[in-house]
Undergrad: 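Take this structure first; my questions come after.
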There are 2 protein chains.
Amino acid sequence: MNDTHSCIIRHFNHYANLAEDDKQLLCDLERSPVDTRAGQLLWQESEPAEEFCTLRSGWAFSFRHLEDGSRQILELYLPGDIIGLREFAFSQRLAGVMMIDDGVICRFPHQHLLDLFQRSATLTTILFAVSSCHQALLTERLVNLARRSAFQKICHLLFETYTRLERTGEGGDGRFRLPLSQEQLADALGLSAVHVSRTFTLLNERGLVFRNRHWVEIPDLQALSEACDFNGCYLNDNLRKLGAASLAKIPAPSSSAG
Amino acid sequence: MNDTHSCIIRHFNHYANLAEDDKQLLCDLERSPVDTRAGQLLWQESEPAEEFCTLRSGWAFSFRHLEDGSRQILELYLPGDIIGLREFAFSQRLAGVMMIDDGVICRFPHQHLLDLFQRSATLTTILFAVSSCHQALLTERLVNLARRSAFQKICHLLFETYTRLERTGEGGDGRFRLPLSQEQLADALGLSAVHVSRTFTLLNERGLVFRNRHWVEIPDLQALSEACDFNGCYLNDNLRKLGAASLAKIPAPSSSAG
DNA sequence: CGCGACTTTGAGGCGGGTCAACTTCAGTGG
DNA sequence: CCACTGAAGTTGACCCGCCTCAAAGTCGCG
């Protein structure tokens with residue numbers, strides 16, 4: 001199959017080696033790619049939730065509007081991510097999702113996941129792992145929002161995003177494209193856009209981060225990670241090890257293999 | 001089977017009707033109950049993560065220590081919850097877990113979950129739903145921490161907790177036991193204990209909430225929910241509907257090859 | 001060239017933090 | 001029955017990080 005074309009396969013393969021039929025099952029999730037533009041809404045809060053989607057290219061974020069008119073960005077989605085898993089148990093969307101970039105998404109119905117649970121314990125396990133990693137990310141964001149200063153918040157978000165990109169091969173040598181505006185960063189970090197600007201100025205003065213338009217340069221990764229008490233454990237998923245040990249028992253559910 | 005004894009069965013049954021053998025599988029998770037005391041650590045950050053556990057009675061919370069010595073409480077666990085799912089993909093604990101109350105927990109190894117994925121697509125689905133609801137809770141906490149005032153934060157936490165308790169049958173007529181100290185509340189909400197105290201005074205003066213020791217009284221639930229822009233969607237899991245429709249297809253594994 | 005989106009900078013205000021002292025209360029022992 | 005203790009909660013004084021409002025500057029693009 002076209003492993004290299006599919007971000008999801010690459011993403012899942014990262015957790016454990018996939019058999020050919022598992023790859024096929026995954027491909028089924030990406031049958032209907034659709035081009036989307038920056039700023040486009042994939043869906044809005046409280047719409048009926050009937051499908052998930054995979055992000056093949058481009059960035060997206062989920063968000064909630066508050067009564068006072070402000071907006072909170074909940075999570076950033078990068079290529080290879082599955083969007084909407086959080087709503088698995090719900091019939092309504094709990095948050096809107098908007099594209100940051102132009103990109104390509106593939107919608108697939110709820111039922112596909114249920115089928116997948118039946119057909120492949122390996123993929124089920126990986127999916128659970130993906131969801132668990134996602135939760136770890138949320139948790140870390142929670143700490144970030146609750147306890148850190150604006151300065152640390154920004155350092156942390158930048159470092160985290162850089163690390164995530166590096167894993168998907170888009171990062172490298174301390175430079176990356178960050179398509180978020182300062183206002184969007186503010187909405188993600190629970191700050192005001194004005195203060196984000198001031199803080200970038202400060203980061204610049206201290207030589208920790210140089211931001212220009214949508215490009216960010218981090219001359220000293222070590223220094224940045226220390227500035228925000230960054231602990232990368234939550235990004236280093238170790239399921240691969242588990243893949244070798246315990247998953248091996250799993251992939252023989254049906255008798256049909258031979 | 002002893003449905004009534006097992007919080008988990010009650011919890012899971014809430015999502016879809018369980019078959020007898022599914023109940024049995026769940027019971028296997030609760031084979032080894034252990035008494036624990038208030039303040040006891042179930043595990044600590046960065047210890048090896050080899051098992052999950054179910055909370056049969058008592059409350060618990062997960063937390064992280066930050067470099068500056070402060071502590072962030074991440075989530076509250078109530079009876080019937082599974083603790084540690086977030087670490088499914090990790091070999092280390094990402095957060096510590098501490099008992100708030102005396103209670104009973106049941107530890108079970110990682111592998112049990114993998115077995116469960118193989119044996120029951122229904123339980124797998126429910127587990128996924130549970131995890132998804134848990135994520136919805138985290139997300140709402142994130143909004144709470146990022147965007148709301150101290151006043152609203154406390155209202156929200158109280159209302160959410162009351163609602164969760166009501167569902168498990170422990171709430172009722174606007175009164176409930178909240179075993180958290182003000183310092184623990186502060187750690188959960190990203191506030192200082194001093195300010196939590198002030199805010200309770202304010203809530204008292206306004207007649208919204210009366211707190212005495214570990215008891216909380218909410219004379220007007222409606223008023224409280226309005227005070228914090230509470231939207232309970234994320235607590236009303238609607239999988240039951242899905243249970244009727246799509247889950248029905250699942251329990252018959254390999255017969256239809258399309 | 002000029003518009004609109006984004007960013008920067010300044011002035012002033014407030015919510016919540018910190019420190020420290022005091023009060024309340026449950027539990028213990030005399 | 002009261003005195004003592006330690007944990008939990010309350011209160012006051014002061015401070016600072018971040019917010020808000022407002023205005024000016026920058027840049028890409030039709």
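Model, not experiment: these values are computed from the prediction.
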Undergrad: So which one's nearest nucleotide on DNA chain D is more toward 5', A/Arg213 or A/Phe151?
TA: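 Nearest-nucleotide comparison on DNA chain D picks A/Phe151.
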Undergrad: Report the relative orientation of the aromatic rings in B/Phe108 and B/Phe52; use parallel for angles under 30°, tilted for 30 to 60°, perpendicular for over 60°.
TA: tilted
Undergrad: Does A/Ser197 place a side-chain N or O at less than 4.0 Å from the phosphate oxygens OP1/OP2 of C/dT7?
TA: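 No, because none of the side-chain N or O atoms of A/Ser197 sits under 4.0 Å from OP1 or OP2 of C/dT7.
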Undergrad: Five pairs at each end of the helix from C/dC1-D/dG30 to C/dG30-D/dC1: take the axis at both ends and give me the angle between them to 10°.
TA: 30°
Undergrad: Under the 3.5 Å rule, do the base of D/dG12 and the side chain of B/Arg198 count as making a donor-acceptor pair?
TA: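 In this structure, the two groups form a donor-acceptor pair.
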Undergrad: Need one value for B/Val196: base, sugar-phosphate or nothing, where a base atom within 4.0 Å counts as base even if backbone is also close, heavy atoms only.
TA: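 Nothing, no nucleic acid heavy atom in range.
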Undergrad: In this structure, how many angstroms lie between the C1' atom of D/dC14 and the NE2 atom of B/His195, rounded?
TA: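 To the nearest whole Å, that distance equals 15 Å.
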Undergrad: Would you mind reading off the distance between A/Phe200 atom CZ and C/dC6 atom C1', rounded to a whole angstrom?
TA: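 In whole Å, C/dC6 C1' and A/Phe200 CZ are 13 Å from each other.
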Undergrad: Base, sugar-phosphate, or nothing for A/Arg211, non-hydrogen atoms under 4.0 angstrom?
TA: sugar-phosphate
Undergrad: Consider the side chain of A/Gln182, meaning its heavy atoms from C-beta on, and name the nucleotide among D/dT20, C/dG17, C/dT7 that approaches it most closely.
TA: C/dT7
Undergrad: What is the distance from CD of B/Gln184 to C1' of D/dG9, rounded to the nearest Å?
TA: 14 Å
Undergrad: If each of B/Arg148 and A/Ala193 is mapped to the nucleotide of DNA chain C with the nearest heavy atom, which maps nearer the 5' terminus, i.e. the 5' end?
TA: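 The residue mapped nearer the 5' terminus is A/Ala193.
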Undergrad: Parallel, tilted or perpendicular for A/Phe230 and A/His156, by the 30°/60° rule?
TA: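 Tilted, since the angle between the ring planes falls between 30° and 60°.
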Undergrad: Given atom CG of A/Asp187 and atom C1' of C/dC6, what is their separation to the nearest angstrom?
TA: 14 Å
Undergrad: Which pairs with one or both residues in residues 195-213 of chain B pass salt bridge (Lys or Arg N to Asp or Glu O under 4.0 Å), sequence neighbours excluded?
TA: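 Pairs touching residues 195-213 of chain B that pass the test: none.
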Undergrad: Measuring from the side chain of A/Ser181 (C-beta onward, heavy atoms only), which nucleotide among D/dG28, C/dT7, D/dC21 has the closest atom?
TA: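 Looking only at heavy atoms from C-beta outward on A/Ser181, the closest nucleotide is C/dT7.
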Undergrad: When the distance from CD1 of B/Ile154 to P of D/dG9 is rounded to whole Å, what number comes out?
TA: 12 Å
Undergrad: Among the candidates C/dT18, C/dG17, C/dG10, find the nucleotide nearest to the side-chain atoms of B/Val194.
TA: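 Closest of the options to the side chain of B/Val194: C/dT18.
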Undergrad: Parallel, tilted or perpendicular: which one describes the rings of A/Phe63 and A/His65, with boundaries at 30° and 60°?
TA: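 It falls in the perpendicular class, over 60°.
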Undergrad: Rounded to whole Å, please give me the gap between CG in B/Leu185 and P in D/dA8.
TA: 12 Å
Undergrad: Is it the case that the side chains of A/Gln72 and A/Arg64 hold a donor-acceptor pair, with the cut-off being a distance below 3.5 Å and no angle test?
TA: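 Absent: no donor and acceptor within the cut-off.
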Undergrad: Specify the separation, in whole Å, of atom CG of A/Leu145 and atom C1' of D/dC18.
TA: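 Interatomic distance, CG of A/Leu145 to C1' of D/dC18: 15 Å.
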Undergrad: Rounding to an integer number of Å, can you tell me how far A/Glu183 CD sits from D/dT20 P?
TA: 12 Å
Undergrad: Please give me the minimum heavy-atom distance between A/Met99 and A/Ala60, naming the atom from each residue.
TA: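 Where A/Met99 meets A/Ala60 most closely, the heavy atoms are SD-CB, 4.0 Å.
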Undergrad: Would you mind classifying the nucleic acid contact of B/Gly190 as base, sugar-phosphate or nothing, using non-hydrogen atoms under 4.0 angstrom?
TA: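 Result for B/Gly190 = sugar-phosphate.
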Undergrad: Distance alone, cut at 3.5 Å: any donor-acceptor contact between the side chains of B/Glu30 and B/Thr54?
TA: yes
Undergrad: Donor-acceptor pair, distance only, cut-off 3.5 Å: does the side chain of B/Tyr162 make one with the backbone of B/Gly174?
TA: yes
Undergrad: Measuring from the side chain of B/Thr201 (C-beta onward, heavy atoms only), which nucleotide among D/dC19, C/dT7, D/dT11 has the closest atom?
TA: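 Of all the options, the side chain of B/Thr201 is nearest to D/dT11.
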